[in-house]
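Data block below; observations after.
Any value given below was found using the heavy atoms of this structure, including those in side chains, with hydrogens, waters and symmetry copies removed. Source: prediction; values computed, not measured.
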Amino acid sequence: MFIANLPHLIEAYGQDFGAAASLEIQRRLCAHFLTSAATDMARLRDDCFLLWANDAFVCGARDIRELPHDVRHRSHPIETLLAVLGAEPVRAKGIAAMVQLHADWIEVRPPEQLGTSEIEFALWTAQPFPDLRENRADEWCQRYRSDMDVAVRVSEALRTEALSFEWQPVVHAGGNASTFYLAGRVRLPPSRSEPALLAQEVFLPCLQRLGLARAFDRIAVRQALAELRSQTCAHIGVGICAQSTKLDHWWASLCAALDEEPALASRLVIEIVGSATLADLEAAHDFCVQMQLRGCRIAVRDIGGGNDNLAALQSCGPDIVKLDASLLRRARDDTFGIECLQGMISLCTHFAAQVVVDGIEREDDMHIASRVGARWLQGYGVRGTEPAAKPAAVAPGHPFG
């Protein structure tokens with residue numbers, strides 16, 4: 001297990017805070033995942049830990065009986081470890097920050113059969129490759145600390161308050177305005193220290209830059225499933241970032257739930273945000289295929305906003321493409337904007353069976369969308385024939401767990 005962002009924490013907050021963060025993660029490991037720290041764990045540097053399977057660590061695998069044998073004993077314990085260890089901020093010297101974790105299985109001999117050099121070699125070979133694309137600007141530390149303040153606020157809001165969805169119906173452009181599904185945008189409520197509403201458009205880019213969006217996306221999807229269970233006729237869409245389109249340990253419980261309750265899967269739309277940033281097209285393809293095989297639909301959002309990646313769009317194989325709202329805004333102004341919107345609708349029909357025009361705010365927008373042949377509409381000016389789902393809430397507990 002690696003604290004992937006420990007070098008960043010040290011650079012932003014100092015060596016003392018980095019050391020304190022490492023000790024706190026070790027404390028959490030000992031409290032939740034070790035039978036004996038002396039025999040079940042080895043450590044290399046402040047950011048690398050090697051855990052041997054033990055009764056405290058693997059017991060959670062028995063709770064997911066519906067998963068295949070190899071996944072049941074591998075993915076669920078790792079998912080639990082990632083969620084629990086990263087659930088709360090690390091606090092030291094008046095600083096609070098979230099840790100970004102990476103964990104996986106490797107084959108090693110029992111600890112009593114390994115020397116120190118062999119343990120160090122195992123940890124070195126297991127660590128993830130660094131992101132060589134990272135580009136540090138002069139103001140990096142300031143932005144990192146600012147982003148981390150937002151991430152901590154998200155964590156605290158989820159732990160003490162309620163996560164809610166703002167629902168927008170995706171409706172047919174015809175006269176009956178029948179609802180395709182309800183697209184959810186996450187909202188975090190005000191707190192005593194932060195009276196302003198925290199919108200997804202504000203906090204999600206911060207989480208993405210920090211590499212912490214996956215933990216949040218996991219919670220949002222789990223809560224969408226809870227909403228589907230309570231709204232037995234609703235079809236719901238929930239957004240995840242491009243970083244999350246990997247079928248790995250983070251999604252063990254999601255896959256188990258979808259396999260066990262296919263009726264939920266058939267009413268779930270997974271909306272991918274920021275497809276232009278997809279780095280691993282093969283992983284994204286595999287993720288989307290597996291979700292679709294379980295009955296979910298895949299939507300790719302914000303296409304046509306200027307940073308499109310058609311290779312990523314093709315790799316995702318979406319059922320639905322949602323156009324960026326800027327296309328409709330430009331279409332209000334002149335004929336060229338209308339032609340651009342019409343051309344993008346035509347292009348996207350080659351990638352998905354359904355194309356949604358987003359950004360509908362007034363009656364004129366509906367006329368423009370109908371004029372260019374739009375079939376599905378979404379926006380603050382859209383009202384569907386079905387009532388919006390009631391607000392969903394996350395019970396107090398681990399915010400990233």
Side-chain angles (χ1 to χ4, degrees), residues 1-6 9 18 20-91 97-108 110-111 119 122-128 151 155 158-159 207 210-222 243-244 246-257 394 397-401:
M1 194 278 296
F2 301 92
I3 308 175
N5 67 337
L6 190 62
L9 295 176
S22 177
L23 289 174
E24 172 59 19
I25 295 304
Q26 179 174 317
R27 185 196 66 78
R28 295 177 189 180
L29 282 170
C30 293
H32 298 285
F33 298 100
L34 302 180
T35 301
S36 168
T39 60
D40 295 339
M41 183 182 73
R43 175 172 166 170
L44 175 66
R45 306 192 313 269
D46 285 339
D47 59 343
C48 303
F49 300 86
L50 179 60
L51 280 68
W52 278 268
N54 60 83
D55 291 341
F57 184 47
V58 301
C59 61
R62 305 188 188 104
D63 299 332
I64 309 252
R65 294 183 297 273
E66 64 273 38
L67 283 175
H69 182 273
D70 60 334
V71 177
R72 181 169 69 244
H73 290 283
R74 292 179 179 271
S75 288
H76 184 61
I78 294 290
E79 180 190 21
T80 303
L81 181 147
L82 292 169
V84 171
L85 295 184
E88 298 183 17
V90 171
R91 300 180 185 277
M98 306 298 296
V99 291
Q100 178 194 359
L101 302 174
H102 170 84
D104 211 340
W105 295 100
I106 60 173
E107 296 290 339
V108 294
I119 291 175
L123 286 169
W124 274 108
T125 56
Q127 63 186 326
S155 169
L158 289 175
R159 187 172 67 254
L207 297 181
L210 295 170
L212 296 172
R214 301 205 63 197
F216 181 84
D217 287 343
R218 174 179 174 270
I219 292 177
V221 174
R222 286 159 65 94
Q243 296 172 359
S244 297
K246 299 177 183 179
L247 198 67
D248 56 12
H249 304 301
W250 279 105
W251 297 121
S253 58
L254 170 65
C255 292
V394 173
H398 290 309
F400 286 82

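Panel note: side chain Ser155, backbone Ala151; no donor-acceptor pair is recorded below 3.5 Å.
Considering only heavy atoms from C-beta on, Phe33 comes within 4.5 Å of Val84 through its side chain. Side-chain contact between Thr39 and Trp52 is absent, with no heavy atoms from C-beta onward closer than 4.5 Å. Considering only heavy atoms from C-beta on, Trp251 comes within 4.5 Å of Ser244 through its side chain. Ser36 places none of its side-chain heavy atoms less than 4.5 Å from the side chain of Asn54.
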Walk me through whether Leu254 and Arg218 qualify under side-chain contact (heavy atoms from CB on, under 4.5 Å).
CA-CA 8 Å; Leu254 170 65; Arg218 174 179 174 270; over 6 Å; no

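Atoms CE and CG, from Met98 and Leu9 in turn, are 11.0 Å apart once rounded to the nearest 0.5 Å. Rounded to the nearest 0.5 Å, atoms CE (Met1) and CG (Leu85) are 5.0 Å apart. Of the inter-residue distances, the one linking Ile25 atom CD1 with Phe49 atom CZ reads 7.5 Å to the nearest 0.5 angstrom. Residue His102 holds its NE2 atom at 9.0 Å from CG of Leu82, rounded to the nearest 0.5 Å. Interatomic distance, CG of Asp104 versus CG of Leu81, reported as 11.0 Å (0.5 Å rounding).
Under the rule for a side chain to side chain contact (heavy atoms under 4.5 Å, CB included), the partners of Ala37 that lie at least two apart in sequence or sit in another chain are Cys30, Leu34. The side chain to side chain contact (heavy atoms under 4.5 Å, CB included) test applied to Arg27 returns Glu24, not counting sequence neighbours. Under the rule for a side chain to side chain donor-acceptor pair (under 3.5 Å), Asp40 has no partner lying at least two apart in sequence or in another chain. Applying the side chain to side chain donor-acceptor pair (under 3.5 Å) test to Gln243 and every residue at least two apart in sequence or in another chain returns nothing. Under the rule for a side chain to side chain donor-acceptor pair (under 3.5 Å), the partners of Arg43 that lie at least two apart in sequence or sit in another chain are Ser22, Gln26, Asp46.
The two residues Leu247 and Cys255 make their nearest non-hydrogen contact at CD1-SG, 3.8 Å. Of all heavy-atom pairs between Ala21 and Val90, the closest is CA-CG1, 3.6 Å. Of all heavy-atom pairs spanning Asn5 and Gln100, the tightest one is OD1-N, 3.0 Å.
Under the salt bridge (charged side-chain N to carboxylate O under 4.0 Å, His left out) criterion, the residue pairs touching residues 247-257 are Arg214-Asp248, with sequence neighbours excluded.
The pair Glu88-Arg28 fails the salt-bridge criterion, with no side-chain N (NZ, NE, NH1 or NH2) lying under 4.0 Å from an Asp/Glu carboxylate O.
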